[in-house]
Amino acid sequence: MMAGQRKADAVLFDAATARQDFPVFGQEINNHPLTYLDSAASAQKPHVVTEAMTEMMSSYYANIHRGLYRFSQQTTLAYEQARQKLADFLGAKSAEEIVFTRNATEAINLVAASWGRANLQKGDEIILTELEHHANIVPWHLLSQELGFTIKVLPLLKDPSLGLDTEKFSGLVTDKTKLVAMTHMSNVTGEIPPVQDFIKAAKAVGAKVLLDGSQAAVHMPVDVTALGCDFYVVTGHKLYGPTGIGALWAKAEILADMPPYQGGGEMIENVTFEKITYKKPPMRFEAGTPAFVEAHGLGAALDYLSGFDRDAVLAHEIALADMTAAGLRDLGGVTLYGDKTAEKGGIVSFSLDGIHPHDAATVLDQMGIALRAGKHCADPFMAARGISATLRASFGMYNTEDDVTRFLDGIAKTRKMFG
């Protein structure tokens, strides 16, 4: 089954019904219904995730890969089943192409420290974009200081309602380009760049491509094999799973040539003081006791997500974002960022004239409305737009039109409060 393809037993999506699967929405905040609009930072958890993890910890907890007794075999099976589930979810050819990490940040650091240190050198070039999260900038900056390669940047267009200046990409690619590392969906604006066009241009000069799928994998079907990229990273806590678990997908032949990232137990075959031999991927990159309880929770989250028509979920989230953007325009005194990009997901980033984002977010919290205010770990984006921060409303599968109505009413009251 292709990644994102609807299962035979999938059910039609209904947000109000899905919302009932998330216990957090059974409470009020300051005597208001909870309006959670910060899923781009971290998604709420369905009860099946917490129940799966609790069952493992209370009924058959044991370290994995190391015990011959029943509990250890049960947890080992659950861990490896989660790896297979994620491979299927991403359209990987094999579960052996999935390396579990703590999060997408660690996955990118793994690529930088292992593949990057072994393959990049002075005179080489890599390409990033002004849309990137710090997690896809800082590791490359650190490595460039060590190795001396050049970082090129694909800029944003000047119009704040638009996004990347995609026409400039081909001019950045040269025979010195060794890597393109970019977001598959912006965490600030929801922009979905034309990554397949970029991948094609990168492959023409023999460059590798890393996609940060922290947002994209949550909201739209992803097939890494069809995309043709070389590395793809995800994080569990945005996928309605627990914190402390994420993953790197990489082509098997690339992983096979990558040196170990960290040293310790589990990733070795034999150890002497004179010589150490290492296991094949993915175990080579999973030193020490992994987050197997969290991996089991992620597996439960993937099972849950795969029970829905994901295209229908995406359409619902985009409709909510469109409704929100239209409502903000009607209110006036609002600047929207990236709202007119060709393709985007369910994220709305904006600023209110004369009101600092932190002040607005604080007021909205009193109305039970949770949304993000700040730089969203995207300093280069903010610098390019000449701003210090934005407000960001981001939608998940549990959000409804009632959330949008309460949010827009909260914005109107906030505007009135600040005169």
Side-chain angles (χ1 to χ4, degrees), residues 92 96-129 132-154 172-184 198-199 202-203 205-214 224 228-235 245-271 273-288 290 377 380:
E96 293 180 352
E97 295 181 328
I98 300 293
V99 178
F100 280 126
T101 61
R102 289 183 300 122
N103 43 42
T105 298
E106 185 176 42
I108 295 172
N109 275 273
L110 191 166
V111 176
S114 179
W115 179 88
R117 185 167 284 113
N119 289 277
L120 298 175
Q121 60 186 350
K122 188 174 183 178
D124 290 340
E125 298 173 351
I126 73 169
I127 299 174
L128 308 179
T129 84
E132 301 313 307
H133 188 283
H134 295 163
N136 200 28
I137 299 174
V138 178
W140 304 113
H141 175 78
L142 290 171
L143 194 61
S144 71
Q145 289 184 315
E146 175 186 336
L147 301 181
F149 59 83
T150 299
I151 297 175
K152 290 184 172 180
V153 180
L154 180 64
L172 296 177
V173 179
T174 72
D175 58 3
K176 295 180 180 180
T177 305
K178 295 299 185 289
L179 175 72
V180 176
M182 66 180 303
T183 185
H184 194 184
F198 295 164
I199 291 170
K203 293 300 177 182
V205 297
K208 298 291 189 287
V209 178
L210 180 150
L211 295 181
D212 179 354
S214 298
V224 292
C229 57
D230 301 283
F231 307 99
Y232 199 93
V233 306
V234 296
T235 189
I245 189 71
L248 164 69
W249 167 84
K251 291 180 177 178
E253 60 271 23
I254 297 176
L255 282 176
D257 288 337
M258 287 169 53
Y261 167 53
Q262 294 176 325
E266 198 65 32
M267 47 79 71
I268 49 85
E269 288 183 336
N270 294 288
V271 175
F273 286 109
E274 292 75 31
K275 183 180 180 180
I276 301 174
T277 56
Y278 303 102
K279 289 183 178 178
K280 295 179 180 180
M283 302 305 293
R284 182 187 301 166
F285 306 105
E286 296 180 8
C377 293

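Positions are given from 1 along the sequence.
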Under the rule for side-chain contact (heavy atoms from CB on, under 4.5 Å), what residues qualify as partners of M267, not counting sequence neighbours? P260, Y278, A287

Output yes when a side-chain donor or acceptor of T235 lies under 3.5 Å from a complementary backbone atom of G246, and no otherwise. no

Name all residues meeting the side-chain contact (heavy atoms from CB on, under 4.5 Å) criterion together with N109; count only those two or more places apart in sequence or in a different chain, and write none if there are none. T105, P139, Y261

Just wondering, do P259 and R284 contact through their side chains at under 4.5 Å, heavy atoms? no

Evaluate L154 against L172 for side chain to side chain contact (heavy atoms under 4.5 Å, CB included), listing each step before the verdict. CA-CA 8 Å; L154 180 64; L172 296 177; 3.9 Å; yes

Report the C-alpha separation of I108 and W140 in whole Å, then their side-chain angles, then the decisive distance to 0.1 Å, and conclude whether the side chain to side chain contact (heavy atoms under 4.5 Å, CB included) test is met. CA-CA 9 Å; I108 295 172; W140 304 113; 3.8 Å; yes

Of all heavy-atom pairs linking K152 and E125, the shortest is NZ-OE1, 3.0 Å

Indicate yes or no: at least one non-hydrogen side-chain atom of T150 is less than 4.5 angstrom from one of K176. no

Quick one: closest heavy-atom pair of A112 and L143, and the distance? O-CD2, 3.2 Å

Show your working on side chain to side chain contact (heavy atoms under 4.5 Å, CB included) between V209 and F198 and close with a plain yes or no. CA-CA 9 Å; V209 178; F198 295 164; over 6 Å; no

Test salt bridge (charged side-chain N to carboxylate O under 4.0 Å, His left out) applied to D230 and K208, K203, K178, the passing residue: K203

Could you tell me whether a side-chain N or O of N136 sits under 3.5 Å from a main-chain N or O of H133, the two making a donor and an acceptor? no

Which distance, rounded to the nearest 0.5 Å, do you find between the CD of E274 and the CD1 of I276? 10.0 Å

Euclidean distance, I268 CD1 relative to M283 CE, rounded to 0.5 Å: 10.0 Å

Between I127 and M182, is any pair of side-chain heavy atoms under 4.5 Å apart? no

Tell me whether T101 contacts the main-chain N or O of A247 through its side chain, where contact means a donor paired with an acceptor under 3.5 Å. yes

Steps toward side chain to side chain contact (heavy atoms under 4.5 Å, CB included) verdict (Q262, E106): CA-CA 11 Å; Q262 294 176 325; E106 185 176 42; 4.0 Å; yes

Taking all non-hydrogen atoms of both residues, which atom of A250 and which atom of F231 are closest, and how far apart? CB-CD2, 3.6 Å

Taking K279 first and then E286, would you say they form a salt bridge - that is, a charged N and a carboxylate O separated by under 4.0 Å? no

Just wondering, are more than 12 heavy atoms of other shown residues or ligands nearer than 6.0 Å to CD in E266? yes

Separation between CG (L147) and CG (L142), nearest 0.5 Å, reads 11.0 Å

Which pair of non-hydrogen atoms, one from V234 and one from G213, has the smallest distance, and what is that distance? CG1-O, 4.1 Å

Any heavy-atom pair between the side chains of T183 and E132 that's under 4.5 Å? yes

Distance check, rounded to the nearest 0.5 Å: L210 atom CG versus I199 atom CD1? 10.5 Å

When rounded to the nearest 0.5 Å, the distance separating NE2 of H141 from CG of L128 is 11.5 Å

Identify the heavy atoms of V180 and T177 that sit nearest to each other, and give their distance. CG2-CG2, 4.3 Å

Any side-chain heavy atom of L211 within less than 4.5 Å of one from W249? no

When rounded to the nearest 0.5 Å, the distance separating CG of L255 from CD of E96 is 10.0 Å

L179 versus W115: any side-chain heavy-atom pair under 4.5 Å? yes

Heavy-atom closest pair (V99 atom, F285 atom, distance to 0.1 Å) is CG1-CB, 3.6 Å

